[in-house]
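Keep in mind it's a predicted model, so treat the numbers as computed, not measured.
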Amino acid sequence: MITKYEESITMCIKEAIKQQYIYGASYTITNETSNSQFYLGTQGTGKYDIAITSNMFYDLASLTKVVGTTTRVLQLIEEGKLSLNTEVGEILEGLKYPQLTIANLLLHNSGLPADIIGARSLTKEELVNKIKDTNLVSLPGEKVIYSDLGFILLGWIITQIDGNLSSSLNEHIFRPLKMQNTGYNLAKKSLINFVPTEDESQRGGIIQGIVHDYKAYLMDGVSGHAGIFSTLEDLVNFTSMYINNGIFAEKRILSPQSYNLLEKYSGRGRTLGWQIWDGDPTKLWHTGFTGTSIALDLKNKRAFICLTNRIHPTRQKKEWIEIRKEVTKLFYNEY
């Protein structure tokens, strides 16, 4: 039976589709014992006028930061292979800012800029060198600047420790969580099930089944800040683990230590990897540029996942960004 707040969320999303702010959405509201999954609208228009159904693949964009990178870094801390005080220069060579810590990167207070200007004119090698050589724009710990660069570094750190970022996330997160349709570079699967993103002339038209983020694209689709594709069904398993104290199918993925760290390091609207909703460290959320979002209510053991391709066919469609906040507010305010 659909609840009143689920109905309110559905009404908001239906109106967004009606106004063509988005073409469709896959979303779910889950708790410890049940999950209600909804599929509305289509992938797009023309040849993309395909009804949204289960097991369609979405480019998660910056949800990569929490679904993949943050989760693995917390595991590495649990394993004693990293600490929040570990300096980046202890693991990676050739950096202009080796004194930055793992905590700085996870909290987005490293002082790194948000992005690399002019990345679209660079080669992969040039991009890597620019990231290593970029100047800080503030002192470490001084202010929060949401930065892709910090999570690119975290991806490199995981690679240095585990040998391969994609394989590491598969082995330690996706396979244990039975997320069989999650990972980098999944386009070997039928493209018809990949929800398209932007129409970009520089890349030959509509992007489908290939990572949208250009920096991740330059890095062969594999990065700590973006690049993961997934389905609503797989993400239900991920959020189930988070709201059940790190356990999925009687297997521990995250320990109580990680939850203690998430609470301890909460402040200025963020904790390790995640944003915090309304100053409450038990309410974690994150968004992705393509239109995706995850909200976790750890106290009440509930989760809200909403996947869209709001940048199809153009990133100029920004109305969904505010609507996404409204539906997330509806989820959190149910209690």
Report yes or no: do Asn237 and Ser240 form a side-chain donor-acceptor pair below 3.5 Å?
no
Measuring from Thr86:OG1 to Leu84:CG, what's the distance to the nearest 0.5 Å?
8.0 Å
For Asp280 and Thr282, does a side-chain donor sit closer than 3.5 Å to a side-chain acceptor?
yes
Would you name the heavy atoms of Ser266 and Ile276 that are closest together and state the gap between them?
CB-CD1, 3.1 Å
Hey, what do you get for CD (Gln43) to OG1 (Thr53), rounding to the nearest 0.5 Å?
8.0 Å
So for atom NZ, which belongs to Lys130, do other residues, nucleotides or ligands contribute more than 12 heavy atoms lying within a distance under 6.0 Å?
no
Criterion ring-ring contact (aromatic ring centres under 6.0 Å, His included) against Phe229, the qualifying member of Phe194, Tyr58, Phe174:
Phe194
Using every non-hydrogen atom in the two residues, find where Ile13 and Cys306 come nearest and quote the distance to one decimal.
CD1-SG, 4.1 Å
Considering residues, nucleotides and ligands other than Gln99, do more than 12 of their heavy atoms fall under 6.0 Å from its CD?
yes
Would Leu307 and Leu235 count as a side chain to side chain contact (heavy atoms under 4.5 Å, CB included) here? Give the steps.
CA-CA 10 Å; Leu307 306 178; Leu235 291 176; 3.9 Å; yes
Short question: side chain of Tyr265, backbone of Asn260 - any donor-acceptor pair under 3.5 Å?
no
Treating Ile, Leu, Val, Met, Phe, Trp and Tyr as nodes and any side-chain heavy-atom pair under 4.5 angstrom as an edge, say whether Leu149 and Tyr146 lie in one connected cluster.
no
Donor-acceptor pair, Arg175 side chain versus Lys178 backbone, under 3.5 Å?
no
Please determine whether residues Ile311 and Ile206 belong to a single hydrophobic cluster, defined as Ile, Leu, Val, Met, Phe, Trp and Tyr linked transitively by side-chain heavy-atom distances below 4.5 Å.
no
Do other residues, nucleotides or ligands put more than 12 heavy atoms under 6.0 Å from the NZ atom of Lys132?
yes
Applying salt bridge (Lys or Arg N to Asp or Glu O under 4.0 Å) to Lys325 and not counting sequence neighbours gives Glu322
Donor-acceptor pair, side chain of Ser121 and main chain of Gly118, under 3.5 angstrom:
yes
Flag if over 12 foreign heavy atoms under 6.0 Å of CD, Glu125:
no
ILVMFWY cluster, Ile145 and Ile131 together (side-chain gap under 4.5 Å):
no
Is it true that a side-chain atom of Tyr184 and a backbone atom of Val211 form a donor plus acceptor pair closer than 3.5 Å?
no
Charged N to carboxylate O below 4.0 Å: is that the case for Lys124 and Asp220?
yes
Thr182 versus Asp234, side-chain donor and acceptor atoms under 3.5 Å:
yes
Nearest 0.5 angstrom please: Ser293 OG to Arg310 CZ, how far?
12.0 Å
Looking at Phe289, I'd like to know if the NZ or CZ of Arg315 sits under 6.0 Å from its six-membered ring centre while staying within 45 degrees of the ring's axis.
no
Looking only at heavy atoms, the pair that brings Arg324 and Gly288 closest together is NH1-O, 3.1 Å
Looking only at non-hydrogen atoms, find the nearest pair between Lys96 and Asp133 and report the distance.
CD-O, 3.2 Å
Using only atom types and a distance under 3.5 Å, with no angle test, would you say the side chain of Thr64 pairs donor to acceptor with the backbone of Ala61?
yes
Leu95 side, atom CG; Trp156 side, atom CH2 - distance, nearest 0.5 Å:
7.5 Å
Find the distance between CG (Asp115) and CG (Asp148) and round it off to the nearest 0.5 Å.
5.5 Å
Polar side chain donor-acceptor pair, Tyr27 to Thr10, under 3.5 angstrom:
yes
Using the rule that two of Ile, Leu, Val, Met, Phe, Trp, Tyr join whenever any of their side-chain heavy atoms come within less than 4.5 Å, decide whether Tyr48 and Phe57 are in one cluster.
no
His108 vs Phe151 aromatic rings, parallel, tilted or perpendicular, using cut-offs 30° and 60°?
parallel
Interatomic spacing from CG in Leu106 to OG in Ser110 - rounded to 0.5 Å
10.5 Å
Out of Glu79, Glu78, Glu171, which one pairs with Arg72 under the salt bridge (charged side-chain N to carboxylate O under 4.0 Å, His left out) rule?
Glu79
What class does the angle between the rings of Trp277 and Trp285 fall in, given that below 30° is parallel, 30 to 60° is tilted and above 60° is perpendicular?
perpendicular
Heavy-atom pair of closest approach, residues Ala216 and His225
N-CE1, 3.7 Å
Is there a donor-acceptor contact under 3.5 Å from the side chain of Asp59 to the main chain of His212?
yes
Of all the heavy-atom pairs spanning Glu198 and Pro313, show the shortest one and how long it is.
CG-O, 3.6 Å
Tell me yes or no: between the side chains of Asn31 and Thr33, is some donor less than 3.5 Å from an acceptor?
yes
Near-ring test Trp274/Tyr242, centroid separation under 6.0 angstrom
yes
Going only through I, L, V, M, F, W and Y residues with side-chain contacts under 4.5 Å, is there a path from Leu136 to Ile102?
yes
